[in-house]
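One-based numbering, in listed order, for ligands and for the atoms of each.
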Amino acid sequence: MARVAVVGAGIAGLACAQSLHNAGHEVHVFEKSRGAGGRMATRRTGHGSFDHGAQYFTVRDPAFRAVVDQWLANGVIAPYAGRIVHLHAGTTRPLSHTEQRYVATPAMTSVCRALSANMDVDFECRITAVTPGEDGWRLSWEEGGESGFAAVVLAIPAAQALPLCTAVPELATQIRQGGHAPCWAVMVCYDQPLALEFDAAFVSGAAVGWVMRDASRPGRAAGERWVLHASAEWSRVHLEANAETVGPMLVEAFHAAAGIHAEVVESRAHCWRFALSDGLSAGSFWDVSRRIGICGDWCADGRIEGAYLSGTGLAAKLLPII
Ligand SMILES: Cc1cc2nc3c(=O)[nH]c(=O)nc-3n(C[C@H](O)[C@H](O)[C@H](O)COP(=O)(O)OP(=O)(O)OC[C@H]3O[C@@H](n4cnc5c(N)ncnc54)[C@H](O)[C@@H]3O)c2cc1C
């Protein structure tokens, strides 16, 4: 049995951790936030909850399909049946290609909460250094603690992984190929239902690129709450803007694109600096001799499915050598 550290309790880290744990290894997960989920995030406000990161996922790979079927059977996820359209300057048209979308219930964090249920996770613990130690690696964290492990998995965005890989230049070179585009997200609450013939839309020709009515998803409380995601270009240009100015700008862009006037009760903006990645399709990167590896959406296809498979794929590489 090996002692393995996994940095990051997003879906990639937890998928990897669970595979290693199920094979009988002693796995410790470190997460800088207060809960599991990473970008599969949920924000609670006085006006209800919002999934302000990823809002749904799709399934293409048969191995992931089998996992998704289990989650469906356990009620951790449900199919999404809302009306999705393309929206451009007040005009909608149906999607030409539709695929089944799934949402976690009752919140997007539910999948990662389920994956972490039997796992040893240290929350609010940011790893600040990974250095060679006796028989493996030493991990140090913000509060000044440190501990030794036989193997280390970094399941975090490329830009956040780079400073932790100074002791492994070959891995750092591979990590430099990866990256994420930013995304500003706005959570908006209205006191009246919006008179719209859709529940979600891919928006073109506007600052917003995607909008979704939160309560159109299964297991959500009633209420007119919308999540707006700015386009990658707009988010990049406004990366350093402050949340108080970004919120109203994106709400106005949504109203203009949808051709509506509506009274907003509250809006809050959140900037995802490392939101979406084109993915590298390598799956994961692994230094066999030094027993350190990296996984995450950016190593795969940039989506939830890819992140999950990146995590289990890295575990499969690790298992024969620990
Ligand atoms: C706005 C937005 C919309 C999206 N839409 C979709 C979509 O529609 N469909 C889809 O499939 N995907 C979508 N995605 C992408 C999807 O969310 C990601 O692909 C997936 O969640 C990535 O999982 P991950 O485990 O690789 O990384 P993450 O979820 O980012 O997890 C990494 C974790 O590591 C933690 N961490 C980072 N550094 C440290 C450190 N030093 N110490 C400890 N912990 C650390 C972070 O707090 C985080 O919890 C979207 C993402 C965003 C932001």
Side-chain angles (χ1 to χ4, degrees), residues 5-17 28-43 50-60 64 68 80 84 99 101-104 108-109 111-112 115-116 121-130 139-143 152-165 178 180-187 200 202 208-212 227-232 235 269-279 283-284 294-312 314:
V6 175
V7 182
I11 192 163
L14 291 170
C16 184
H28 294 262
V29 182
F30 295 93
E31 168 57 52
K32 68 181 169 67
S33 311
R34 270 180 294 168
R39 280 167 278 158
M40 296 174 75
T42 305
R43 173 85 61 92
F50 295 83
D51 292 324
H52 60 307
Q55 302 209 290
Y56 65 81
F57 63 90
T58 50
V59 183
R60 291 165 201 171
F64 189 55
V68 164
Y80 179 66
I84 309 178
E99 53 185 334
R101 293 173 167 81
Y102 297 93
V103 297
M108 215 53 198
T109 47
V111 164
C112 289
L115 283 172
S116 64
V121 188
D122 279 325
F123 291 110
E124 297 187 89
C125 188
R126 179 197 293 267
I127 299 302
T128 52
V130 179
L139 264 61
S140 314
W141 49 90
E142 222 160 36
E143 293 73 24
V152 174
V153 168
L154 302 174
I156 58 184
Q160 294 174 320
L162 208 48
L164 301 182
C165 283
H180 287 87
C183 179
W184 272 104
V186 180
M187 297 152 264
F202 293 99
V208 282
W210 167 258
V211 297
M212 191 178 216
V227 172
L228 323 177
H229 286 161
S231 69
S235 299
H270 173 88
C271 183
W272 294 100
R273 281 191 174 259
F274 311 113
L276 296 163
S277 168
D278 288 338
S284 59
I294 184 150
C295 60
D297 63 338
W298 61 273
C299 303
D301 68 356
R303 300 179 303 116
I304 287 169
E305 176 178 33
Y308 183 92
L309 294 172
S310 171
T312 53
L314 182 51

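Heavy-atom proximity to Gly296, at under 4.0 Å, picks out these atoms of ligand 1: 26 (O). Residue Gly38 has at least one heavy-atom neighbour below 4.0 Å for each of these atoms of ligand 1: 29 (O), 31 (O), 48 (C), 49 (O). Every atom of ligand 1 with a heavy atom of Cys125 under 4.0 Å away is listed here by number and element: 42 (N), 43 (C). Annotation for ligand 1: atoms under 4.0 Å from non-hydrogen atoms of Ser33 are 47 (O). For ligand 1, the atoms closer than 4.0 angstrom to any heavy atom of Gly302 are 19 (O). Distances below 4.0 Å separate heavy atoms of Val7 from the following atoms of ligand 1: 40 (C), 42 (N), 43 (C). In the vicinity of Cys183, heavy-atom distances shorter than 4.0 Å reach the ligand 1 atoms 1 (C). Listed by number with element, the atoms of ligand 1 under 4.0 Å from a non-hydrogen atom of Gly37 are 29 (O).
Among the atoms of Tyr56, some N or O lies under 3.5 angstrom from an N or O of ligand 1. Note: an N/O pair closer than 3.5 Å links Ile11 and ligand 1 by distance alone. For His229, no nitrogen or oxygen atom sits less than 3.5 Å from a nitrogen or oxygen atom of ligand 1, counting backbone and side chain alike. In terms of polar-atom proximity, defined here as any N/O pair under 3.5 Å, Leu164 makes no such contact with ligand 1. For the pair Arg39 and ligand 1, the shortest N or O to N or O distance falls below 3.5 Å. By the 3.5 Å distance cut-off applied to N or O atoms, Asp297 is counted among the residues near ligand 1. Considering backbone and side-chain N/O of Pro157, none are found under 3.5 Å from N/O of ligand 1.
Phe123 places a side-chain heavy atom less than 4.5 Å from the side chain of Glu31. Proximity of Trp210 to Ile84: side-chain heavy atoms (C-beta onward) are separated by under 4.5 Å at one or more points. For the pair Leu115 and Ile11, the minimum side-chain heavy-atom distance is below 4.5 Å. Taking 4.5 Å as the limit, some side-chain heavy atom of His180 sits within range of a side-chain heavy atom of Arg39.
Here the CD-NZ distance, from Glu124 to Lys32, works out to 11.5 Å after rounding to the nearest 0.5 Å. Atoms CG and CH2, on Leu228 and Trp184 in that order, are 13.0 Å from each other to the nearest 0.5 Å. Distance check: Tyr308 OH to Phe57 CZ gives 10.5 Å after rounding to the nearest 0.5 Å. Note that the CG atom of Leu309 and the CG atom of Asp301 stand 8.0 Å from one another [nearest 0.5 Å]. Taking CD1 of Ile294 as the start and SG of Cys299 as the end, the distance is 5.5 Å to the nearest 0.5 Å. Distance check: Leu314 CG to Cys16 SG gives 4.5 Å after rounding to the nearest 0.5 Å.
In terms of protein heavy-atom proximity, atom 5 (N) of ligand 1 is closest to Ala54 CA, 3.6 Å. Ranking the protein heavy atoms by distance from atom 36 (N) of ligand 1 puts Ile156 CG2, 3.5 Å first. Among all protein heavy atoms, the one lying closest to atom 41 (N) of ligand 1 is Ile127 O, 3.1 Å. Shortest contact from atom 25 (O) of ligand 1 to any protein heavy atom: Ala12 N, 3.0 Å. Nearest protein heavy-atom neighbour of atom 49 (O) of ligand 1: Glu31 OE1, 2.7 Å. Of the protein's non-hydrogen atoms, Ile304 N, 2.9 Å is the one closest to atom 11 (O) of ligand 1. The nearest protein atom to atom 43 (C) of ligand 1, hydrogens excluded, is given as Lys32 N, 3.3 Å; this is a heavy-atom distance. Closest protein heavy atom to atom 2 (C) of ligand 1: Gly53 C, 3.7 Å.
Here Leu276 has side-chain heavy atoms under 4.0 Å from ligand 1, and that is the only part of it that gets that close. Counting heavy atoms under 4.0 Å from ligand 1, residue Cys295 does not touch it at all. For Gln160, every heavy-atom contact with ligand 1 shorter than 4.0 Å involves the side chain, none the backbone. The part of Phe30 lying near ligand 1 is the backbone, judged by heavy-atom distances below 4.0 Å.
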Mind running ring-ring contact (aromatic ring centres under 6.0 Å, His included) on Trp272 and His229 for me, showing each step along the way?
CA-CA 10 Å; Trp272 294 100; His229 286 161; 8.4 Å; no
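The minimum heavy-atom distance linking Leu14 with Ala9 is given by the pair CD1-O, 3.4 Å.
Formation of a donor-acceptor pair under 3.5 Å by the Glu142 side chain with backbone atoms of Arg126 is not found in this model. Judged by distance alone, the side chain of Thr128 and the main-chain N or O of Ser140 form a donor-acceptor pair under 3.5 Å. Counting only distance, with no hydrogens or angles, the side chain of His270 and the backbone of Gly53 share no donor-acceptor pair below 3.5 Å.
With hydrogens and angles left out, the side-chain atoms of Thr42 and Asp51 include a donor and acceptor closer than 3.5 Å.
Of the candidates Gly10, Ala181, Gly35, Gly10 brings a heavy atom nearest to atom 31 (O) of ligand 1.
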